[in-house]
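Worksheet: one structure, shown below.
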Protein chains: 2
Amino acid sequence: MGLRERKKAETRQAVHEAALRLTVELGFDAVTVEAVADAANISRRTFSNYFAGKEDAVLYGEEQRIQDLVEGIRRRPAGERAWPALCRASAELYAAQGKEADREWAMRTRLARRHPALLARQLANQALLETEIAVEVAAREGLADHTLRPRVMAAAFLAALRVAIAVWLDERESRPLGEVLQASLAEMGEDFTGS
Amino acid sequence: MGLRERKKAETRQAVHEAALRLTVELGFDAVTVEAVADAANISRRTFSNYFAGKEDAVLYGEEQRIQDLVEGIRRRPAGERAWPALCRASAELYAAQGKEADREWAMRTRLARRHPALLARQLANQALLETEIAVEVAAREGLADHTLRPRVMAAAFLAALRVAIAVWLDERESRPLGEVLQASLAEMGEDFTGS
DNA sequence: AGGCAACTTTACCCATTGCGCAAATTTGTG
DNA sequence: CACAAATTTGCGCAATGGGTAAAGTTGCCT
């Protein structure tokens with residue numbers, strides 16, 4: 001990776017951190033793009049080169065984390081079936097990152113819950129990844145991408161993730177995120193038809 | 001319902017229809033709030049009294065339909081268990097509305113797929129209803145609202161809905177929506193752990 | 001019927017935003 | 001070192017969301 005791309009990634013990260021910090025400090029609506037740009041030492045116009053809006057800047061960390069998750073899924077052993085692969089990849093992701101990352105995640109998700117514009121972007125980002133996950137599931141189950149089943153499973157998986165984080169926050173983070181996550185995935189894996 | 005509220009609902013509907021029509025004709029980005037307001041015979045400022053933005057105006061029909069769905073769920077017999085209640089309520093909803101409603105739905109969803117801003121709002125709206133559905137599920141299963149299980153089931157249900165519509169569109173509406181929907185719900189109901 | 005209180009619509013205004021454009025600056029390479 | 005490619009920046013503009021207060025409607029009471 002050349003200096004060019006490294007510097008760009010660095011700037012993007014700096015802008016993200018500035019946006020997140022200012023939003024936590026002042027509230028999302030009280031933060032202007034100009035303020036974020038100033039805090040990151042770039043011009044207002046350059047901010048637009050990196051992010052389409054404040055929301056994307058604040059949620060950039062989320063995007064990265066879920067991207068990691070997708071890669072984790074791809075890295076699972078080739079023979080493993082789809083659902084276990086999804087469950088273990090998410091467990092690994094959680095194990096790989098310390099508690100400070102959890103707190104940042106909590107912070108972002110809390111913000112997203114309180115502010116509709118953030119929630120909207122967050123969900124839209126997840127929707128894009130749903131397709132990628134469905135492709136991976138299809139490959140593992142030997143089905144065509146456009147089939148119903150892989151897409152249902154991918155959607156179920158992401159939904160379980162979202163619910164787990166929501167419940168974890170509602171319980172004031174009293175148990176480890178990984179535990180809630182596995183419980184959520186277990187519930188989702190079970191048969192619903194009998195209830 | 002007094003004249004006041006009736007007239008307000010009428011105006012809201014008119015604005016929605018104008019927004020949807022113009023968006024289909026010209027494309028979402030080519031439509032300004034002013035144009036929609038003109039088409040609905042209200043001022044630009046009044047538009048803001050009804051909707052927070054173009055997106056909400058275009059997607060208002062979606063909101064209504066899902067609201068109907070929630071009410072349908074509440075109307076299911078009290079003894080019925082949660083998952084069957086969800087499945088049958090959605091089947092009823094599609095049975096109740098003709099094919100012209102399906103086409104409108106297809107139109108809106110197609111727009112939402114192509115335009116990120118619309119997709120984002122659509123998902124955010126669904127997220128709000130997820131909570132309401134979870135409450136209903138909890139009541140039917142005799143569990144507390146904040147528990148994991150009702151929320152997982154509610155999320156799974158809505159995810160199955162979304163996937164069904166997406167697949168239905170991908171298949172160019174070659175089979176009836178109700179059929180795809182039931183298939184999607186069936187897949188979601190099944191046990192994932194074995195695959 | 002008339003009038004009064006509550007509510008809605010409207011016009012005017014301003015801060016903020018996203019983006020096109022072109023000039024200035026920085027970076028990679030022969 | 002010079003030059004092409006990429007990046008940053010300033011400027012401008014149309015669009016937007018929302019505050020405020022005036023003008024217009026509607027519901028209700030006497």
Side-chain angles (χ1 to χ4, degrees), chain A residues 1-20 22-23 25-60 63 111 114-121 124-125, chain B residues 1-20 22-23 25-60 63 111 114-121 124-125:
Chain A
M1 184 167 54
L3 193 159
R4 215 156 214 161
E5 294 168 35
R6 216 178 325 133
K7 204 175 174 186
K8 218 174 165 174
E10 211 171 271
T11 303
R12 194 183 293 276
Q13 187 67 29
V15 174
H16 162 60
E17 281 166 18
L20 188 54
L22 286 176
T23 299
E25 280 174 12
L26 310 172
F28 185 71
D29 317 281
V31 177
T32 66
V33 170
E34 201 161 15
V36 176
D38 282 354
N41 283 319
I42 56 170
S43 71
R44 182 171 76 87
R45 188 60 183 82
T46 300
F47 175 95
S48 287
N49 290 342
Y50 281 94
F51 296 105
K54 274 188 296 178
E55 304 90 358
D56 299 78
V58 171
L59 295 173
Y60 177 59
E63 214 178 304
L111 288 175
R114 294 276 168 238
H115 203 96
L118 286 173
L119 176 63
R121 291 283 183 157
N125 281 343
Chain B
M1 186 169 51
L3 193 158
R4 215 159 212 157
E5 295 168 34
R6 216 179 323 135
K7 205 172 173 187
K8 215 171 168 180
E10 211 172 89
T11 303
R12 187 176 245 105
Q13 188 67 29
V15 174
H16 162 59
E17 280 166 18
L20 187 55
L22 287 176
T23 299
E25 281 175 13
L26 310 171
F28 184 72
D29 317 282
V31 177
T32 67
V33 170
E34 202 160 15
V36 175
D38 282 354
N41 283 318
I42 56 170
S43 71
R44 184 171 72 85
R45 188 60 182 81
T46 300
F47 176 94
S48 286
N49 290 341
Y50 282 94
F51 297 105
K54 274 188 296 178
E55 304 90 358
D56 299 78
V58 172
L59 295 173
Y60 177 60
E63 216 177 302
L111 289 175
R114 293 280 167 234
H115 203 96
L118 286 174
L119 175 63
R121 292 283 181 155
N125 282 343

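Just so we're clear, the structure is a prediction, and the values are computed from it rather than from any experiment. Quick note: numbers below take in every heavy atom, side chains included, and nothing from hydrogens, waters or symmetry partners. A, B, ... follow the sequence lines: proteins, then strands. Residue 1 opens every chain.
In this structure, NE2 on A:His16 lies 7.5 Å from CZ on A:Phe51, to the nearest 0.5 angstrom. Here NE2 of A:His115 is found 7.0 Å from NZ of A:Lys54. Values are rounded to the nearest 0.5 Å. Between the CG atom in B:Asp56 and the CZ atom in B:Phe47 there is a gap of 8.0 Å [rounded to 0.5 Å]. Put simply, CG on B:Asn125 and CZ on B:Arg121 are 8.0 Å apart, with the number rounded to the nearest 0.5 Å.
Residue B:Tyr50 has a polar side-chain atom (N or O) positioned under 4.0 Å from OP1 or OP2 of C:dT9. The phosphate of D:dG18 has neither OP1 nor OP2 within less than 4.0 Å of any side-chain N or O from B:Ser48. In this model, the phosphate group of D:dT9 is approached by a side-chain N or O of A:Ser43 to a distance below 4.0 Å at OP1 or OP2.
The list of salt bridge (Lys or Arg N to Asp or Glu O under 4.0 Å) pairs with a residue in residues 8-19 of chain A, not counting sequence neighbours, is empty.
Here the C1' atom of nucleotide D:dT8 and the CG atom of A:Asp38 are 15 Å apart, to the nearest Å. Distance, A:Glu55 CD to C:dG18 P: 7 Å, rounded to whole Å. Between B:Lys8 atom NZ and D:dG27 atom P the separation is 13 Å, expressed in whole Å. Between A:Asn49 atom CG and C:dC21 atom P the separation is 14 Å, expressed in whole Å. Put simply, CG on A:Asn41 is 14 Å from C1' on D:dT9, counting in whole angstrom units. Between A:Phe47 atom CZ and D:dG10 atom P the separation is 16 Å, expressed in whole Å.
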For residues 34-45 of chain A, which side-chain donor-acceptor pairs fall under 3.5 Å, sequence neighbours excluded?
from: A:Ser43; atom 1: OG; to: A:Thr46; atom 2: N; distance (Å): 3.2
from: A:Ser43; atom 1: OG; to: A:Thr46; atom 2: OG1; distance (Å): 3.0
from: A:Arg45; atom 1: NH1; to: A:Asn49; atom 2: OD1; distance (Å): 3.2

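For A:Arg45 against D:dG12, a side-chain-to-base donor-acceptor contact under 3.5 Å is absent.
Here the closest non-hydrogen pair linking A:Val58 and A:Thr23 is CG2-OG1, 3.6 Å. Residues B:Val31 and B:Leu22 approach most closely at CG2-O, 3.5 Å, considering heavy atoms.
Secondary-structure stems of DNA chain C, taken as three or more successive Watson-Crick or G-U wobble pairs (i with j, i+1 with j-1) under a 3.5 Å distance threshold, comprise C:1-30 with D:1-30.
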Show each protein N/O and nucleotides 14-16 of chain C N/O combination with a separation under 3.5 Å, one pair to a line.
none

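By the salt bridge (Lys or Arg N to Asp or Glu O under 4.0 Å) test, A:Glu25 pairs with A:Arg21, sequence neighbours left out.
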- line: Scoring nucleotides 22-30 of chain C by protein non-hydrogen atoms under 4.0 Å (B base, S sugar-phosphate only, - none) yields ----BBS--
